[in-house]
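Below, read A as the first sequence line, B as the second, and so on, with proteins coming before strands; counting in each chain starts at 1.
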There are 2 protein chains.
Amino acid sequence: MSSPTPKQVLFAHFAAVAKTIGNAHRIDLLQQLAQGEQSVETLARKTGLTVANTSQHLQHLRRAGLVAARRDGTFIYYRLADDAVLDVLAALRRVAERNLAEVEQVVRGYFDNRDAMEPVTREELARRLKTGDVTILDVRPEDEFALAHVPGAINVPLKELEARTAEIDPMKDIIAYCRGAYCVYSYEAVAKLRAKGFRIRRLEDGLPEWKAAGLPVESASKEN
Amino acid sequence: MSSPTPKQVLFAHFAAVAKTIGNAHRIDLLQQLAQGEQSVETLARKTGLTVANTSQHLQHLRRAGLVAARRDGTFIYYRLADDAVLDVLAALRRVAERNLAEVEQVVRGYFDNRDAMEPVTREELARRLKTGDVTILDVRPEDEFALAHVPGAINVPLKELEARTAEIDPMKDIIAYCRGAYCVYSYEAVAKLRAKGFRIRRLEDGLPEWKAAGLPVESASKEN
DNA sequence: AGAGTATTCAATTGAATACTTGAATAATAA
DNA sequence: TTATTATTCAAGTATTCAATTGAATACTCT
């Protein structure tokens, strides 16, 4: 048996990367990291995995070149190694949505029927950012808001929405966003606030897609 | 344990699709199918797998929604279910090339150093197609040429190049192309013909990328 | 109906993967 | 130096995956 050709070597590497993504927990971890870098402990809590298991999955992702890490004291923070990782996930989602009946069904049943919620395009939001005539509501957890958010957004995590509606100007239109596709937070925020008479819609996707489009973001530590 | 959320169900499906791609043989099959639909027997021969094994991998790909099949007499022809499958492969390649040292090394050592071969962009080739001042040389096997090719291309499979150089006008510039990234045929064609004094360069990628860019193709059975 | 061809299926075997658990490691604070 | 916290590693177990082999299936031709 001859030695493998360059093509075979490369396909084996690509297969290894794909196989690494071929685990729902690791996809969840990558989607969490799309919001910004986070520690192992934080990632474990958000995904519901044990710390040991989270760590093992992160090693796997790191060996595959999908994430990178830095140590800060006893904490180790992981981040996406390359924003192009999100392109892989988006491409996978697109193929699955178009070609797997079960996926289409779940998406239609849970997400699309809620699009009586009239998703707002990124372009439209970018335009309204300039005119300042809209409240931008980020319903993600505070730590993710701190990492990065749409400039001028206010942060009311979904869990606190009922308790904090007084903070939201009822005279202005509202656009809510969260982590991205399949994050139910913005759907639920729209439902809750519409029930109280607010004029609210949701952004078509999430913060990572906004950033990938080159649109401006702010974070708690610096402006850009 | 509660029932899975829609997000969890969707991530499980995406993971299953990624896992299906996480095998070098199945990646090879998908790249072969990027050239057009082919029978199990043909795919087995091109990938060096047994027919039974090829068939099993194709079932896996079909269940994942990545390929589709049609029967013609005793032959079953497989094709890509969705051109977006190639987007997944391209995104995987991009991430691997940028983030895995081993991949970068193989690419640099085998492919990029040959880019003293001055790859031609698709746009440039499209322009020169119109002026008709260039020979377009398709060095893929004849059956793939028959499935689809750049209009006006001549087909001299790499294996037959030595024997058929008389068919190539030495007074015209030549642009060679093959299956796509990591297909060595066009690299080798450039090397062989340059050694004989021909003015030849290679297209930056392959026929699938040309098609995906919306550029015209012909096939043996019909024009479009 | 029977033979031939192409393809798929099912069982087996060995390899690979994922989770859990407990131990080990690295950094910090006292 | 010792204790604490965060994280990783290694071993064991259960599950899944891939290739092989032989049988079964589907279609065509005579």
Across the strands shown, which category fits B/Y78 at heavy-atom distances under 4.0 angstrom: base, sugar-phosphate, nothing? sugar-phosphate

By nearest-nucleotide position on DNA chain D, the 5'-leaning member of A/T54 and A/K19 is A/T54

Which sits closer to the 5' end of DNA chain C, B/R62 or A/G73, going by the nucleotide each is nearest to? B/R62

Ring of A/Y187, cation from A/R202 - is the NZ or CZ under 6.0 Å from the centre and inside 45° of the axis? yes

Grab the CD-P distance between B/E41 and D/dC27 for me, whole Å please. 18 Å

Does a donor on one side chain sit under 3.5 Å from an acceptor on the other, for B/D138 and B/Y177? yes

Quick one: on DNA chain D, does A/R71 or B/H25 contact a more 5' nucleotide (nearest heavy atom)? A/R71

Applying ring pair (Phe, Tyr, Trp, His ring centres under 6.0 Å), name anything that partners A/F145, two or more places apart in sequence or on another chain. A/H149

Rounded to whole angstrom units, what separation is found between the CD atom of A/Q38 and the P atom of D/dA6? 16 Å

Atom pair distance, as rounded to whole Å: NE2 in A/H60 and C1' in D/dT7: 18 Å

Students should find that the nucleotides of DNA chain C closing off the region near chain B, any atom under 4.0 angstrom from a heavy atom, are C/dT5 to C/dA11

Residues passing the ring pair (Phe, Tyr, Trp, His ring centres under 6.0 Å) test with B/H13, sequence neighbours excluded, are none

I'd like to know if A/D143 and A/K46 make a salt bridge, using a cut-off of under 4.0 Å between side-chain N and carboxylate O. yes

What one should report as the nearest heavy-atom pair of A/L43 and A/Q32 is CD2-CB, 3.7 Å

Check every strand shown and say whether B/Q59 touches a base, only sugar-phosphate, or nothing at a heavy-atom separation below 4.0 Å. sugar-phosphate

